[in-house]
Amino acid sequence: MVVNLPPQYHEKEAELKKAKTIEEKINILEEMLAIMPKHKSSEKLQALLKSKISKYRKMLEEQTKTKKKSPVPIIQKEGAGQIGICGPPNSGKSTLLSKLTKATPEIGDYPFTTKIPIPGMMDYEDIKIQLIDTPSLSTEFTENWVGDILRKADSLIFLFDISSDFLLEELEDSIKVLEKFKIKIENEFVFTKNIIWVGNKIDIPSAKDIKEIFCEFYGSKIPEFVEISAREGINLDILKEKMFKSLEIIRVYTKIPGKPPDFESPYTLRKNTTVIELAEIIHKEFVKNFKYARLWRDGSDKPIIAGRDYILQDKDIIEIHI
Ligand SMILES: Nc1nc2c(ncn2[C@@H]2O[C@H](COP(=O)(O)OP(=O)(O)OP(=O)(O)O)[C@@H](O)[C@H]2O)c(=O)[nH]1
Ligand SMILES: [Mg+2]
């Protein structure tokens with residue numbers, strides 16, 4: 001039997017195809033059911049819609065159940081600093097983690113491949129930096145624990161796909177999530193953490209044109225961004241250096257008088273740490289009986305005589321005298 005359906009029904013049908021969430025699908029199906037003429041000829045179609053609605057309701061129930069059950073993942077900090085990798089879906093976050101560490105995250109050419117945070121340790125010269133790959137940022141799907149992980153990290157990489165035709169939408173949507181997570185200040189392009197902006201997939205030819213559009217919209221807001229190809233390994237050394245700088249830490253090597261410096265295990269300290277603060281970390285005795293420190297800087301073989309409040313710099317070699 002032919003069912004005479006009003007034009008609004010077909011419009012809803014088209015909407016249904018585009019609907020992303022289960023909730024949206026249920027709403028549209030209910031509207032379709034309401035629009036449909038209620039007579040004998042449409043009984044079969046009505047039943048079909050009803051069964052679809054009940055199927056989606058079940059899926060929704062399951063989803064809420066698993067959401068409630070899944071514990072919030074916690075990642076213990078390791079190494080000299082922790083950097084969270086975040087960004088829009090499919091931008092290459094897991095690929096980047098796999099290139100910079102020994103971790104083997106799942107990589108897929110579809111969005112939302114990563115469901116749980118994956119840590120990995122990256123070698124940077126003589127220290128190790130912990131990276132965490134996270135599920136992508138989307139206003140619809142990202143769970144709140146992703147925000148916890150990103151807030152706790154020492155700094156962040158925001159990785160976007162600079163060859164994507166939907167780049168501006170993707171950026172806007174992900175940045176909205178950072179706002180919800182209180183990592184971005186509301187209505188301002190200001191962030192509560194050090195963020196390294198990274199455009200990935202520059203090996204794809206379309207990246208050139210899309211970069212122009214990106215610069216037009218974001219150029220004044222993000223004056224500096226690194227262009228890389230995670231897959232082809234382009235500019236990863238530049239990125240690694242930026243990652244180290246984003247942590248705002250320094251390495252200091254200690255030395256016992258008359259012996260060579262210990263280059264094996266540097267102390268990693270906050271920028272602007274003083275000689276006496278380091279002495280405190282090494283041993284209380286050094287603080288109590290501190291006289292002076294001999295300090296070698298920038299590869300010079302002439303030591304500087306440094307007092308308690310002398311500010312240390314990256315790669316200083318220090319000998320504390322008591
Ligand atoms: N051409 C090119 N493709 C890349 C590059 N980096 C990643 N890809 C591809 O992009 C797709 C997505 O990569 P993933 O590393 O899974 O991306 P993701 O950001 O972790 O994705 P989700 O976890 O789903 O959000 C895969 O097909 C990768 O092979 C790159 O530098 N160049
Ligand atoms: Mg991933």
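For ligands, and for the atoms within them, numbers begin at 1 and follow the listed sequence.
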Enquirer: What atoms in ligand 1 come closer than 4.0 Å to a heavy atom of Y110?
Expert: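 Checking each atom against Y110, I get 24 (O).
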Enquirer: Find all atoms of ligand 1 within a distance of less than 4.0 Å from any non-hydrogen atom belonging to K93, and give their numbers and elements.
Expert: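 So the answer, numbered in order with elements, is 15 (O), 17 (O), 18 (P), 19 (O), 20 (O), 25 (O).
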Enquirer: Counting non-hydrogen protein atoms only, what is the nearest one to atom 24 (O) of ligand 1? Give residue, atom name and distance.
Expert: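 The answer is T113 N, 2.6 Å.
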Enquirer: Quick one: do E280 and K284 make a salt bridge, cutoff under 4.0 Å?
Expert: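 Judged by the 4.0 Å cut-off on N to carboxylate O distance, E280 and K284 do not form a salt bridge.
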Enquirer: With distance as the sole criterion, is a donor-acceptor pair present between the side chains of E319 and T254 under 3.5 Å?
Expert: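 No.
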Enquirer: Tell me the protein heavy atom at minimum distance from atom 11 (C) of ligand 1, and give that distance in Å.
Expert: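 Its nearest protein heavy-atom neighbour is G108 O, 3.5 Å.
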Enquirer: Within the 4.0 Å heavy-atom shell around S136, which atoms of ligand 1 are there?
Expert: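 Within the 4.0 Å cut-off of S136, ligand 1 contributes 25 (O).
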Enquirer: Just distances here: any N/O of S91 and N/O of ligand 1 closer than 3.5 Å?
Expert: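 Yes: some nitrogen or oxygen of S91 is under 3.5 Å from one in ligand 1.
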Enquirer: Quick check: E106 and ligand 1, any N/O pair under 3.5 Å apart?
Expert: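 Not met; the criterion fails.
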Enquirer: Could you tell me if the ring centre of Y292 sits under 6.0 Å from that of F290?
Expert: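 For Y292 and F290, the ring centres are not under 6.0 Å apart.
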Enquirer: For F263, does the six-membered ring have the charged nitrogen or CZ of R251 within the cation-pi criterion, i.e. under 6.0 angstrom from the centroid and within 45° of the normal?
Expert: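 No, R251 and F263 do not form such a contact.
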Enquirer: Do I204 and ligand 1 have an N or O pair less than 3.5 Å apart?
Expert: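 N/O-N/O distance below 3.5 Å does not exist for this pair.
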Enquirer: Among protein heavy atoms, which lies nearest atom 23 (O) of ligand 1, and at what distance?
Expert: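 Result: T114 OG1, 2.8 Å.
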Enquirer: What is the nearest protein non-hydrogen atom to atom 15 (O) of ligand 1, stated with its residue, atom name and distance?
Expert: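 Checking every protein heavy atom, the shortest distance to atom 15 (O) of ligand 1 gives T95 OG1, 2.5 Å.
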Enquirer: Answer yes or no: does an N/O atom from D133 fall short of 3.5 Å to an N/O atom of ligand 1?
Expert: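 No, there is no polar N/O contact under 3.5 Å.
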Enquirer: Would you call E15 and K18 a salt bridge, using N to O less than 4.0 angstrom?
Expert: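 K18 and E15: not salt-bridged.
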Enquirer: Any N/O/S atom, backbone or side chain, of S94 lying under 2.8 Å from the Mg ion (ligand 2)?
Expert: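 Yes - counting backbone and side chain alike, S94 has an N, O or S atom under 2.8 Å.
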Enquirer: Counting heavy atoms only, name the option from G233, P89, G92, C86 that's nearest to atom 17 (O) of ligand 1.
Expert: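 The nearest heavy atom belongs to G92.
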Enquirer: Is I107 close to ligand 1, meaning an N/O of one under 3.5 Å from an N/O of the other?
Expert: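 Not met; the criterion fails.
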Enquirer: Using the six-membered ring of Y218, assess whether NZ or CZ of K221 lies under 6.0 Å from its centre and within 45 degrees of the ring axis.
Expert: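 Satisfied, under 6.0 Å and within 45°.
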Enquirer: Identify the closest protein heavy atom to atom 6 (N) of ligand 1: which residue and atom is it, and at what distance?
Expert: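 Residue, atom and distance for the closest contact: N200 ND2, 3.2 Å.
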Enquirer: Check whether any N or O atom of A230, backbone or side chain, sits under 3.5 Å from an N or O atom of ligand 1, and answer yes or no.
Expert: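 Between A230 and ligand 1, an N or O pair is found under 3.5 Å apart.
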Enquirer: State whether the shortest distance between N or O atoms of F112 and N or O atoms of ligand 1 falls below 3.5 angstrom.
Expert: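 Right, the criterion is met.
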Enquirer: Just to be sure I read this right, does ligand 1 sit under 4.0 Å from the backbone of P111, its side chain, both, or neither, counting only heavy atoms?
Expert: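 Near ligand 1, P111 shows its backbone, while the atoms from C-beta on stay back.
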Enquirer: Flag the pair E30 and K12 as a salt bridge only when some basic side-chain nitrogen lies within less than 4.0 angstrom of an acidic carboxylate oxygen.
Expert: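 Result for this pair is no, no salt bridge flagged.
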Enquirer: Looking only at side-chain N and O atoms, does E285 offer a donor or acceptor that is under 3.5 Å from a partner on N289?
Expert: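 The answer is yes; a qualifying pair exists.
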Enquirer: Under 6.0 Å between ring centres, would you say that holds for F160 and F214?
Expert: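 Between F160 and F214, the centre distance is under 6.0 Å.
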Enquirer: Salt bridge or not for E179 and K176, using N-O below 4.0 Å?
Expert: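 No, this pair does not count.
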Enquirer: Is any NZ, NE, NH1 or NH2 atom of the basic residue among D314 and K271 found under 4.0 Å from an Asp or Glu carboxylate oxygen of the other?
Expert: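 Looking at K271 together with D314, the answer is no, because their closest N to O distance does not fall below 4.0 Å.
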Enquirer: Counting backbone and side-chain atoms alike, is an N, O or S atom of T114 positioned under 2.8 Å from the Mg ion (ligand 2)?
Expert: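 Short answer: yes, at least one N, O or S atom is under the cut-off.
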Enquirer: Please classify the D203 to ligand 1 contact at 4.0 Å (heavy-atom distances, strictly less than): side chain, backbone, both or neither.
Expert: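 Just the side chain.
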Enquirer: Hydrophobic clusters here meaning ILVMFWY residues chained together by side-chain heavy-atom distances under 4.5 Å, can you tell me if W197 and I210 are in one?
Expert: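 W197 clusters together with I210.
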Enquirer: Quick check: are there more than 12 heavy atoms from other residues, nucleotides or ligands sitting under 6.0 Å from CD1 of I305?
Expert: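 Above 12, so yes.
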Enquirer: Give me the residue, atom name and distance of the protein heavy atom closest to atom 9 (C) of ligand 1.
Expert: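 Atom 9 (C) of ligand 1 sits closest to the protein heavy atom K201 NZ, 3.9 Å.
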